[in-house]
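In what follows, chains carry the letters A, B, and so on, assigned in the order in which the sequence lines appear, proteins first and then strands, with residues in each chain numbered from 1.
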Amino acid sequence: MMPEMLPIGSIAALPPLTLTPSATASVRTTSTSFGSLMAHSLAAIQQQQAQAETAVAHAVTGQGSTTQAMVAVTEAQTSLDVATSLRNALMQTGSTLMNFQV
Amino acid sequence: MSMLTIAATGLTAESYVLNVTADNLANANTNATATTPAYQSESVLLQALGPSGSPTTPAPGQGVEVIGTVASTMPDPVVYDPSNPQANAAGDVIESNVSVSNQMANLLQASTAYNANVTAFNAAKAIDQRALTL
């Protein structure tokens, strides 16, 4: 059984394929390196730790409230946890790339 | 960090309310003297911190803040007691207008609100820690 034939005139010429720039240049190039990012976040964390220490000192000497001390300590702890987790994840990514077999 | 800081503003505000309530209760039995008027019961004014987002990128409010205290305008109770050294020339002792029963209700309310904020804060902390295990 023969398939139904299409008349040849109905096949139009294909338009030429062009690559749009957005499809090729999707990799972003930023000057922010992982090292400077870590340095910035570590500086911020260090400042937060110092604030937490001050708040604890005030709470212990009765100048500040326990609430503020605990809030400052928890915020500093959370920031440090986040930074540590990100650092571990990025280090793992880096070592995976370094061990890549070529 | 946002949920932590929002809950932290609630904790700070409620502890301020608790401090003012404690101050009111501490001064409940004070009287006016020749030089100082009677202690006026104070209540705290709280206000919502508005959202930081724009109409295109909405964001929740940023918590609560203490914008001040107002002194009660209730009349001071006057007790006739000429033997009291704090009595005025007419023999009246002017007492502070702190209502201890109202303050106890405020104490309970602020304490409950503080506990609620502690729960929100701990939930935010737990969520952050869970997110790190993703």
Path from [X] to [Y] over hydrophobic side-chain contacts below 4.5 Å:
{"X": "B:Val66", "Y": "B:Val64", "answer": "yes"}
{"X": "B:Leu49", "Y": "B:Leu11", "answer": "no"}
{"X": "B:Val70", "Y": "B:Leu46", "answer": "no"}
{"X": "B:Leu132", "Y": "A:Leu42", "answer": "no"}

* Do B:Glu14 and A:Thr67 pass the side-chain contact (heavy atoms from CB on, under 4.5 Å) test, and can you show the C-alpha distance, the side-chain angles, and the key distance before you say yes or no? -> CA-CA 10 Å; B:Glu14 293 304 336; A:Thr67 305; over 6 Å; no

* To do: Go through A:Asn88, A:Thr84, A:Leu86, A:Val71 and name the one with the most non-hydrogen pairs under 4.5 angstrom from chain B.
  => A:Val71

* Interatomic spacing from CG in B:Leu4 to OG1 in A:Thr78 - rounded to 0.5 Å ->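 Here the rounded value is 5.0 Å.
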
* Point-to-point distance, once rounded to the nearest 0.5 Å, from OG1 of A:Thr74 to CG of B:Asn122 ->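 Here the interatomic distance stands at 8.0 Å.
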
